Amino acid sequence: METLKKNKEFNNVYNNSNSFATRHLVLYLLSVPENENNRYGLSVSKRIGNAVIRNKLKRRLREIIREFEKKYNFNSYHIIFIARNPVVDLNYGQMKKDVKKLYKKAGLI
RNA sequence: UAAGUCGACCAUUUGAUCGCAUCUUAAUAGAUGAGGAAAGUCCGAGCUCCAAAGGAUAGGAUGCCGGGUAACGCCCGGUGGAGGCAACUCCCAGGCUAGUGCCACAGAAAUAUACCGCCUCUAAAUGAGGUAAGGGUGAAAAGGUAAGGUAAGAGCUUACCGGAUUUUAGGUAACUAAAAUGCCAGGUAAACCCCAUUCGGAGUAAGUCCAAAUAGGAAGAAUAAAAGAGUUAUCCGCUUUUCUUCGGGUAAGGACGCAUGACUAAACAGGCAACUGUUUGGCUAGAUAGAUGAUCAAAUAAUACAGAACUCGGCUUACAGGUCGGCUUAUUUU
């Protein structure tokens, strides 16, 4: 899984893309012209919780992304996930359903 | 058995599949991978760079005594004070006899006093003097109680208690005990201050090395050499050139620092202890937008607080549930 790293790249996605949201997560999706692998950015703010909680969220999201990459085939996107406050209460299965919903909304799968 | 008190420890484990980071390997693959507080960043050090003749002043920190330690504001042992029936716990615990400041209100008087009262003198008094026993005010009124003593009184005298000073004895010391003298005299230093000890600054984004890039500029120097324009030519000056300095931009470049250390376990020796020494053994995170997750199965009390970022020693704060031990008090039984 390749990641978006620089502030410039994040801003580029925020300004030029469509966003989709559920109660727990927000998704930004930008299609890039060059044919390359998907790149992901995860954003979990300090308001969500302490370091342990934020780390756990990011790890779960990464695992979910990995599973979807394996299952479906889509390419050349920059994708950003933003965690919202209520996401803390979800378990892994519920989070996975939420992400699937977002992907459907965005027309990826 | 109950209540209490002190101390130590655990902080999930095992297997399977998929995935991440580091290391090993030609490769398949294999090994390892967050804490008791990793936290707060409150002290103390190592390490690195910068600064630095020496001294004084200012400023900060610490503050009973002795010991431990690389060091400390930490730890251990003791002394004094406070709390508890006790085990035990708590204490920013130097100096007000260096100086200065402050102590409301009440009260006659607050570091000095005679308002009422008592006693004496005088023919008598609203006068003069003596007196701190009694009253009243206050947080505090010249040490308390009893007896003697006296005109009335008073450490004026005596006994006991309290306090101060001196001496002697014990203790490394803080301090403790006894005796003598004899009652001269408040509190506050978390008030200024005084005394003793101590303190250079910045932090791993420290810093070291390598690579890449030195475009277009600014300032200064040199005309030794070369070129150009102007000039008949030379000199001189100008532009280019050469050298030095300055600042700007790109790649959030790479490697080291960076994981064996004032480390730790056991035994033995020294010490009441903190701790120290010797021998044998152990060491298995090291990222750089930042690695530990998902699913299934089994066991368990393991559900809390919580995520390494240069490294150590402490302190402080957060914390579910559980295990073990010492001691105290009460009750019951033998």
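Chain letters run A, B, ... following the sequence lines, proteins first and then strands; every chain starts at 1. Since the model is a prediction, treat every value here as computed from it, not as a measurement.
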Syn-anti status, with the boundary at 90° from 0, for the nucleotide B/rA128: anti
Identity of whatever pairs with B/rG153 - Watson-Crick or G-U, under 3.5 angstrom: none
Residue matched to B/rA205 through Watson-Crick or wobble contacts both under 3.5 angstrom: none
Length of the line joining A/Y92:OH and B/rU295:C1', which is rounded to integer Å: 8 Å
B/rG162 versus B/rA178 - spacing of their P atoms, nearest Å: 10 Å
Got a list of protein N/O to nucleotides 33-39 of chain B N/O distances below 3.5 Å?
{"from": "B/rA34", "atom 1": "N1", "to": "A/R59", "atom 2": "NH2", "distance (Å)": "3.3"}

Separation of B/rA291 P from A/K56 NZ (nearest whole Å): 15 Å
Between B/rA285 and B/rC23 - P atom distance, rounded Å: 14 Å
Rounded distance in Å - NZ (A/K71) to C1' (B/rU295): 14 Å
SB check A/E67 A/K96 (cutoff 4.0 Å): yes
Complement of B/rA233, any strand, by Watson-Crick or G-U distances under 3.5 angstrom: none
Spacing of A/R54 atom CZ and A/S43 atom OG [to the nearest 0.5 Å]: 11.0 Å
Counterpart base for B/rU167, defined by Watson-Crick or G-U wobble contacts under 3.5 Å: B/rA178
Nearest-Å distance for atom pair CZ/C1', residues A/R62 and B/rA291: 8 Å
Shared hydrophobic cluster, A/Y77 / A/Y72 (ILVMFWY, side-chain heavy atoms < 4.5 Å): yes
Counterpart base for B/rC263, defined by Watson-Crick or G-U wobble contacts under 3.5 Å: B/rG282
Whichever of A/G93 and A/K58 has its nearest RNA chain B nucleotide further upstream toward 5': A/K58
Nucleotide B/rU295, atom P - distance to CZ of A/F68 in whole Å: 14 Å
Student check: side-chain heavy atoms of A/M95 and A/L61 closer than 4.5 Å: yes
A/L57 side, atom CG; A/L42 side, atom CG - distance, nearest 0.5 Å: 9.5 Å
A/V44-A/V52 co-clustered via ILVMFWY side chain contacts under 4.5 Å: no
Aromatic ring pairing A/F81/A/Y40, orientation class (parallel under 30°, perpendicular over 60°, tilted between): parallel
Where the chi angle of B/rG155 falls, syn if within 90° of 0 and anti if not: syn
Atom P, compared across B/rU5 and B/rA269: separation rounded to whole Å: 38 Å
Rounded distance in Å between the P positions of B/rC312 and B/rA39: 11 Å
Which pairs would a plain distance check flag for residues 19-29 of chain A, meaning a side-chain donor or acceptor within less than 3.5 Å of a matching protein atom at least two apart in sequence or in another chain?
{"from": "A/T22", "atom 1": "OG1", "to": "A/H24", "atom 2": "N", "distance (Å)": "3.2"}
{"from": "A/T22", "atom 1": "OG1", "to": "A/L25", "atom 2": "N", "distance (Å)": "3.2"}
{"from": "A/T22", "atom 1": "OG1", "to": "A/D98", "atom 2": "OD2", "distance (Å)": "2.5"}

B/rG36, syn or anti by chi within 90 degrees of zero: syn
Every protein N/O lying under 3.5 Å from an N/O of nucleotides 18-22 of chain B:
{"from": "B/rC18", "atom 1": "O2'", "to": "A/R66", "atom 2": "NH1", "distance (Å)": "3.2"}
{"from": "B/rC18", "atom 1": "O2'", "to": "A/R66", "atom 2": "NH2", "distance (Å)": "3.4"}
{"from": "B/rG19", "atom 1": "O4'", "to": "A/R66", "atom 2": "NH1", "distance (Å)": "3.2"}

Full working for salt bridge (charged side-chain N to carboxylate O under 4.0 Å, His left out) between A/E69 and A/R66: CA-CA 5 Å; A/E69 279 267 306; A/R66 202 175 60 81; over 6 Å; no
Whole-angstrom distance between B/rG271 and B/rU300, as gauged at atom C1': 44 Å
Same-atom distance (P) from B/rA259 to B/rA8, integer angstrom: 34 Å
Interatomic distance where CG belongs to A/N91 and P belongs to B/rC296 [whole Å]: 10 Å
Beyond-backbone contact of A/I82 with A/I80, side-chain heavy atoms, under 4.5 angstrom: yes
Any strand: nucleotide that pairs with B/rG200 via Watson-Crick or wobble, under 3.5 Å: B/rC50
Complement of B/rC18, any strand, by Watson-Crick or G-U distances under 3.5 angstrom: B/rG293
Euclidean distance, atom CG of residue A/L61 to atom C1' of B/rG293 [Å, nearest integer]: 12 Å
Inter-nucleotide C1' distance (B/rU329, B/rG186), Å rounded: 44 Å
A/R54 CZ to B/rG290 P, straight-line distance once rounded to whole Å: 15 Å
Between B/rA53 and B/rC195 - P atom distance, rounded Å: 30 Å
Base partner of B/rA2, which must satisfy Watson-Crick or wobble distances under 3.5 Å: B/rU329
